[in-house]
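Quick notes on the structure that follows.
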Amino acid sequence: MDINLTFLGQMVSFAILVWFTTKFIWPQLNHAIEERQKKVADGLAAAEKARAELKDADAKVAAEIKQARQQAAEIIERAQGQANQIVDKARAEATAEANRLKANAAEEIVSMQQRAREELRGWVGRLAVQGAEKIVQREIDASAHKAMLDQLVAEI
Amino acid sequence: MASEPQGGLTEYIQHHLHHNTVSLGDGAFMKIHLDSILVAFLLGAVFCLWFWLKARKATSGVPSKGQAFVELIVEFVDTQVKDTFHGDRRTVTPLALSIFMWVTFLNAMDLLPLDAPSWTVKTAAGAEVAHHTFFRWVPTADINTTVGLALAVFFIVLAHGMKAKGALGFGKELMTAPFHAHNPVVVAILVPFNFLLNVVEYLSKPVSLAMRLFGNMYGGELVFMLIAGLFAGWISFLPGVLFNTAWAIFHILIILLQAFIFMMLTIVYIATAREHH
């Protein structure tokens, strides 16, 4: 229970201990702790930022998809219009061609009719002469009656 | 320091309350308790070595378990300081950490078997030497240790007060607080009262610090000695073991609590000393 020099010795020990702790233990440990705290805080902030960025990117992607869809719809519409146009044009051309062909054919028919009629006329004239020759049973001077026959042919 | 009491429990306890003392001169004051000094110094060195090794390799990355444990203690102390003391913590937290760890270590010596030193001496040098070799290895149950600690804290508190207010401001506050007045005459009348009150207040701090820790640890040690008396007989041996265990478990609480109280009060005293009135 008696107080003696011991307490001075303990004070010195304590002083050394405090000095050592202040100098060699506390700064290093505190530095590490603070550094880690900063790292953790930075990491959390980075995660938060990344989350926000992801949200932005998502919104951008959605907008882009929407735009692309719109563009595709426009393109399809335009293509349909073009196709219709092409079909109409083709139809018009085909109609014109058909008409032209029809006209050509009609013309040809008319000319062929003409030719057939001419030919027929020739044949009928000759047949008539032969028939008449047979009926009359005598030589008819073809040249004498030619004028009459030509008139006959023309009348047919 | 015989392990079997020859003159009954009283002698056994008295025997165990002797320090290993060296006289440096005449008078009761010129003595040194070698056991207290040695154990305290060694435990301080153990603390320094342990924390220094961890601090040296401390990384801000993923900590090892040892580093995490040390950091846990440091952060616990730092949080206490932060809550109480608002200012530059670069010297206050190391001080609080030193006090907490050192006092915990010194108190924890109480948990080691009471007769381990005497048994060691007896085995090494025989019963006759053992009877004259005293060794108490709980430094905080020696009032010199707690007074030394408390006085050191007292000077640190004074230094903080003077640093925060200046030597003049500190002296002025001793004279003019806590009783204030505007009339110079009244101020002069109040000076002795203020001064007396402040001196008592300042002196009560180290006294209460030292006495609280010493009382707790000395009392704890005494209870261990009383329980050790139970080991003398075969019938009381088993209850002795049970009581000893129970008291040791309860003592863990006291060890940490007293170290914590000592640390907290130191911080509070420093914070109060830095406050302006």
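By convention in this document, chain letters (A, B, ...) are assigned in the order of the sequence lines, proteins followed by strands, and residues within each chain are numbered from 1. Quick caveat: nothing in here was measured; it's all calculated off a predicted structure. Side chains included, hydrogens not; waters and symmetry mates left out as well; all remaining heavy atoms used.
Looking at A/Phe24, both its backbone and its side chain come within 4.5 Å of chain B, counting heavy atoms on both sides. At a 4.5 Å heavy-atom cutoff, the contact between B/Leu97 and chain A is made by side-chain atoms alone. Proximity to chain B is limited to the side chain of A/Gln37, based on heavy atoms less than 4.5 angstrom apart. For B/Thr59, the part sitting under 4.5 Å from any heavy atom of chain A is the backbone (N, CA, C, O) and nothing else.
Results of the side chain to side chain contact (heavy atoms under 4.5 Å, CB included) test with A/Trp26 over B/Asp78, B/Leu95, B/Val77 single out B/Asp78 as the only residue that passes. Between A/Thr6 and the options B/His19, B/His33, B/Lys31, a side chain to side chain contact (heavy atoms under 4.5 Å, CB included) holds for only B/His33.
B/Thr145 approaches A/Gln10 most closely through the heavy-atom pair OG1-NE2, 2.6 Å. Taking every heavy atom of both residues into account, A/Arg36 and B/Ser60 meet most closely at NE-O, 3.1 Å. Pairing each heavy atom of A/Met11 with each of B/Gly148, the nearest pair is CG-O, 2.9 Å.
Atoms CG and CD, from A/Asn30 and B/Glu71 in turn, are 10.0 Å apart once rounded to the nearest 0.5 Å. Of the inter-residue distances, the one linking A/Phe20 atom CZ with B/Phe47 atom CZ reads 9.0 Å to the nearest 0.5 angstrom.
The local environment of CZ in B/Phe41 is sparse, with at most 12 non-hydrogen atoms from other residues, nucleotides or ligands closer than 6.0 Å. Counting non-hydrogen atoms of neighbouring residues, nucleotides and ligands closer than 6.0 angstrom, the CZ atom of B/Phe69 reaches no more than 12 such neighbours. Under a cut-off of 6.0 angstrom, the local environment of CD in A/Glu97 is crowded, with over 12 non-hydrogen atoms contributed by other residues, nucleotides or ligands. Within 6.0 Å of CZ in A/Arg126 there are more than 12 heavy atoms belonging to other residues, nucleotides or ligands. Taking a 6.0 Å sphere around CD of A/Glu118, one finds it holds more than 12 heavy atoms contributed by other residues, nucleotides or ligands.
The main-chain N or O of B/Pro94 is never found under 3.5 Å from a side-chain atom of A/Thr22 such that the two would form a donor-acceptor pair.
When each of B/Leu34, B/Leu151, B/Thr91 is checked for heavy-atom pairs under 4.5 Å with chain A, B/Leu151 comes out on top. With chain B as the partner, the residue from A/Ile25, A/Val18, A/Leu29 showing the most heavy-atom pairs under 4.5 Å is A/Ile25. Counting heavy-atom pairs under 4.5 Å between each of B/Ala45, B/Ala58, B/Cys48, B/Pro139 and chain A puts B/Cys48 at the top. Among the candidates B/Gly44, B/Ser36, B/Ala40, the residue making the largest number of heavy-atom pairs closer than 4.5 Å to chain A is B/Ser36.
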Query - Verdict with reasoning, B/Ile99 to A/Phe14, per side chain to side chain contact (heavy atoms under 4.5 Å, CB included) - result: CA-CA 8 Å; B/Ile99 291 175; A/Phe14 181 64; 3.5 Å; yes
